[in-house]
Protein chains: 2
Amino acid sequence: MEQAPVAETRPYHHGDLRRALVEAGRRLLEAEGGSDLSLRAVAREAGVSPAAPYHHFRDKNELLDALAMEGWDQLGDQMRAALAEAEVGRDRLVTLGVAYVRFSRMNPAIYRVMFACSQNNETMPEKLRDEGAYRLVCDTLIESGLDPEDETGLELAAIAVWCAAHGVAEMVGFKEFAPLQAHLGGEEAFLRALFSQLDIFRPHLVAQAV
Amino acid sequence: MEQAPVAETRPYHHGDLRRALVEAGRRLLEAEGGSDLSLRAVAREAGVSPAAPYHHFRDKNELLDALAMEGWDQLGDQMRAALAEAEVGRDRLVTLGVAYVRFSRMNPAIYRVMFACSQNNETMPEKLRDEGAYRLVCDTLIESGLDPEDETGLELAAIAVWCAAHGVAEMVGFKEFAPLQAHLGGEEAFLRALFSQLDIFRPHLVAQAV
DNA sequence: AGCCAATCTTGACAACGATCAGATGCGCCC
DNA sequence: GGGCGCATCTGATCGTTGTCAAGATTGGCT
């Protein structure tokens, strides 16, 4: 039961339950994301009573928020990695979009939680804006020729890109798209074709459009 | 209790409970879409016992499906109406997208149900494809210069457009967008600007891109 | 008229989110 | 170093939900 004391701030007398709960939740989400996560199930998975979490989270929603935050971090990492691997100057935005969607496809339950929380809070975590995926998009847009001085235009473009990626992420799983997907040679090709249809993802058009 | 025998199949001895349930559900969704709809609440609203709905719907999900179907119809109507009012040849796709998002903004609860069901079924109702919003998008794309013969290209573009609209619909409510929205002069202008960023919505670019 | 079957109600069960009164034990202060 | 304070955890409980089984009720067909 006892786990080795990690370097992090180990709070009180039973180990780092908050951390344990978040990890239990992540485990459950990864295992079976079908239905929605139950707070009692998370407590069970962590080996504590159903009321224990309420000493670390005010709500079930606050636990989900914590899970979502981890998701945003992970998403940012994967997008950064995808960008690092991609050749410079060639469809960087498409690469970013594909990475975004691939994350949502490989972690559907976590992604759903991430966005459900965002909808509840009606706001996005600042970490996202400062150092996360949003920042990446802005940088790539500038790289693609957008004027860094034009704040309005930049934000508008970034939002548009994000909306498109989110829309694709939520719809690409529909069974009805399977034939077309197969016809194009798999999900990756399908995604690239889809994003390329949204011409904002093509640097030369972006530059001329603004 | 007895109502005049309508032309439709009038089921059995207590009036058209199925219809009453769907309407009760719609009423509740319109009234307060905050939390998710409870099957018991719908039964309560319709004035029947909590178990009564199970004679007309296998599940809670099947009731939600019925509600979603009404939503798709309503959405199609509103998009059709928006298109009818718009001037010909000028940003018809943007008009369509704006109408889509406006529907989702004015009926957020129903829209959420519509898409939650789609995600469960992993498929879209055929009515959508045949005579609904999807068909409208395809027609407008052709009108904008896409080759009607190129099925793959047409479907790809339609899916891309739809994805973008859906993404915008789900994200446009974020509080963080409020300043930019105000700066652009309201939601309508914000939406048009957003869609215009996705250059697929500009006919002359579409024609040249394909 | 009389029966069949579909409809609706009652009652029940398990699971859920949330709260509250106690038990438990860490850490700090004297 | 001993005792106390307080955060942490448990157990019980409440109201609600989805779903099911059994019984009451009623309309329609023969």
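Chain identifiers are assigned alphabetically (A, B, ...) following the order of the sequence lines, protein sequences preceding nucleic acid strands; residue numbering begins at 1 within each chain.
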Task: A:R27 atom CZ, neighbour heavy-atom count above 12 within 6.0 Å - done: yes

Task: Greater than 12 external heavy atoms within 6.0 Å of A:E188's CD - done: yes

To the nearest angstrom, how far is [X] atom [atom1] from [N] atom [atom2]?
| X | N | atom1 | atom2 | answer |
| --- | --- | --- | --- | --- |
| A:Y54 | D:dT13 | OH | C1' | 14 Å |
| A:L17 | D:dT10 | CG | P | 8 Å |
| B:L63 | D:dT17 | CG | C1' | 15 Å |
| B:E45 | D:dT17 | CD | P | 14 Å |
| A:H56 | C:dA18 | NE2 | P | 16 Å |
| A:R18 | D:dA7 | CZ | C1' | 15 Å |
| B:D36 | C:dG17 | CG | P | 12 Å |
| B:H55 | C:dC8 | NE2 | C1' | 6 Å |

- [ ] For each nucleotide in nucleotides 10-16 of chain C, reading 5' to 3', give B when a protein heavy atom comes within less than 4.0 Å of its base, S when such contact involves only the sugar-phosphate, and - otherwise.
- [x] B-B---B

Task: Check: B:E23 side chain, B:R19 main-chain N or O, donor-acceptor pair, under 3.5 Å - done: no

Open item on the list: Test your reading of the model: is there a side-chain donor-acceptor pair from A:N107 to the backbone of A:I110, 3.5 Å cut-off?
Closed with: no

Task: Parallel, tilted or perpendicular, as decided by the 30° and 60° cut-offs, for the rings of A:W162 and A:Y100 - done: perpendicular

Task: Plane angle bin for A:H166 and A:Y111 - parallel if under 30°, tilted between 30 and 60°, otherwise perpendicular - done: tilted

